[in-house]
Amino acid sequence: SLRSWKHFFTNGTIIGADKLSKNLFEDNSIQTFLCDYSREYSVEELWKKEQLKEDFDIIIINTDNNNISEKIMFFEKSHFKIRPGGVFIIENIKIHFVDFYQQQLEKWRNEFLSFSFRLFKIPNKKNNYDNRICIIQRLW
């Protein structure tokens with residue numbers, strides 16, 4: 001999916017992280033890093049890397065598993081890396097997790113006051129299962 005994002009953000013530098021070293025690669029304007037996004041210390045170490053010292057306009061977490069807690073933790077350990085006006089996107093939210101996300105977003109609204117939180121359903125006649133995304137925007 002990183003190469004797909006590169007086609008969309010042609011002038012951007014795309015950074016990826018994966019817990020499996022076999023999935024890491026470097027390409028034209030794409031860099032990947034090892035990060036077990038289910039472990040707090042691994043996410044904290046990721047953001048200490050010299051190559052990742054600048055903040056980001058967009059951070060996207062795209063995991064296909066059902067472990068919501070790692071997506072929650074990844075945002076909570078990464079929110080400070082989003083520039084004002086930038087967004088954090090959680091992809092592939094399954095229909096049976098919508099209520100959980102609604103509750104989580106309400107908690108975050110009280111904790112992360114400089115962010116706005118929205119849950120969107122992406123219309124798709126062939127997919128009503130995991131066609132939701134959460135858009136989190138840093139306002140200031």
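Heavy atoms only: backbone and side chains are in, while hydrogens, waters and symmetry mates are out.
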Peer 1: Any chain of hydrophobic side-chain contacts (each under 4.5 Å) joining Phe74 to Leu2?
Peer 2: no
Peer 1: Would a single hydrophobic cluster contain both Ile68 and Phe117, if residues Ile, Leu, Val, Met, Phe, Trp and Tyr are joined by side-chain heavy-atom contacts under 4.5 Å?
Peer 2: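 Yes, Phe117 connects to Ile68 through the hydrophobic network.
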Peer 1: In the single-linkage hydrophobic clustering (I, L, V, M, F, W, Y; side-chain heavy atoms under 4.5 Å), do Ile58 and Ile93 co-cluster?
Peer 2: no
Peer 1: Indicate every side-chain donor-acceptor pair of residues 97-108 with a distance under 3.5 Å to a residue at least two apart or in another chain.
Peer 2:
unit_1, atom_1, unit_2, atom_2, d
Glu106, OE1, Arg109, NH1, 3.2
Trp108, NE1, Glu76, OE2, 2.8

Peer 1: I'd like to know if the side chain of Thr32 reaches the main chain of Gly16, judged simply by a donor and an acceptor atom lying under 3.5 Å from each other, with no hydrogens or angles considered.
Peer 2: no
Peer 1: Same hydrophobic cluster for Leu119 and Ile82, using side-chain heavy-atom links shorter than 4.5 Å among ILVMFWY?
Peer 2: yes
Peer 1: Applying ring-ring contact (aromatic ring centres under 6.0 Å, His included), can you list everything that pairs with Phe9, at least two apart in sequence or on another chain?
Peer 2: Trp5
Peer 1: So with a 6.0 Å cut-off around CZ of Phe8, is the heavy-atom count from everything else above 12?
Peer 2: no
Peer 1: Scan residues 118-140 for pairs that pass ring pair (Phe, Tyr, Trp, His ring centres under 6.0 Å), counting only residues two or more places apart or in two chains.
Peer 2: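 Listed once each, the pairs are His96-Tyr129.
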Peer 1: Salt bridge (charged side-chain N to carboxylate O under 4.0 Å, His left out) with Lys53: which residues, sequence neighbours excluded?
Peer 2: Glu50
Peer 1: Please name all residues satisfying side chain to side chain donor-acceptor pair (under 3.5 Å) with Asn124, sequence neighbours left out, ordered by chain then number.
Peer 2: none
Peer 1: Applying salt bridge (Lys or Arg N to Asp or Glu O under 4.0 Å), which residue pairs with at least one partner in residues 30-45 are found, sequence neighbours left out?
Peer 2: Lys19-Asp36, Asp36-Arg39, Glu40-Lys77, Glu44-Lys77, Glu45-Lys48
Peer 1: Return the set of residues passing side chain to side chain donor-acceptor pair (under 3.5 Å) with Arg3 (not counting sequence neighbours), or none when no residue passes.
Peer 2: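 Partners of Arg3 by the side chain to side chain donor-acceptor pair (under 3.5 Å) criterion, ordered by chain and then number, come out as Asp27.
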Peer 1: For Glu111, give me all partners under salt bridge (charged side-chain N to carboxylate O under 4.0 Å, His left out), at least two apart in sequence or on another chain.
Peer 2: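 By the salt bridge (charged side-chain N to carboxylate O under 4.0 Å, His left out) rule, Glu111 matches no residue at all.
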Peer 1: With rounding to the nearest 0.5 angstrom, report the CD1 to CD1 distance, Ile135 to Ile60.
Peer 2: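 Taking CD1 in Ile135 and CD1 in Ile60, the distance rounds to 8.5 Å.
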Peer 1: Let me confirm one number: the CD-CD1 distance from Gln137 to Ile89, rounded to the nearest 0.5 Å.
Peer 2: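 CD1 of Ile89 is found 10.5 Å from CD of Gln137.
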Peer 1: Distance check, rounded to the nearest 0.5 Å: His79 atom NE2 versus Ile136 atom CD1?
Peer 2: 10.5 Å
Peer 1: Mind checking what makes side-chain contact (heavy atoms from CB on, under 4.5 Å) contact with Leu20, not counting sequence neighbours?
Peer 2: Asp18, Lys22, Asn23
Peer 1: Excluding sequence neighbours, so at least two apart, what forms side-chain contact (heavy atoms from CB on, under 4.5 Å) with Asn128?
Peer 2: Ile95, Lys121, Asn131, Arg132
Peer 1: Using the salt bridge (charged side-chain N to carboxylate O under 4.0 Å, His left out) criterion, which residues pair with Arg83? Sequence neighbours excluded.
Peer 2: Glu54, Asp57
Peer 1: Apply side-chain contact (heavy atoms from CB on, under 4.5 Å) to residues Val43 and Cys35 and explain how you reach the verdict.
Peer 2: CA-CA 6 Å; Val43 176; Cys35 176; 4.0 Å; yes
Peer 1: Phe80, Phe112: one ILVMFWY side-chain cluster at the under-4.5 Å cut-off?
Peer 2: yes
Peer 1: So which heavy atom on Ser38 is nearest to which on Met73, and how close?
Peer 2: C-CE, 3.7 Å
Peer 1: Going by the rule side-chain contact (heavy atoms from CB on, under 4.5 Å), which residues pair with Leu52 if we only count those two or more places apart in sequence or in a different chain?
Peer 2: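 side-chain contact (heavy atoms from CB on, under 4.5 Å) list for Leu52, sorted by chain: Ile15, Phe33, Leu46, Trp47, Lys49, Phe56.
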Peer 1: Hey, mind stepping through Phe75 and Phe115 against ring pair (Phe, Tyr, Trp, His ring centres under 6.0 Å) and telling me if it holds?
Peer 2: CA-CA 12 Å; Phe75 168 73; Phe115 289 83; 5.8 Å; yes
Peer 1: Could you give the distance from OG (Ser42) to CG (Leu34), rounded to the nearest 0.5 Å?
Peer 2: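 One finds 6.5 Å between OG of Ser42 and CG of Leu34.
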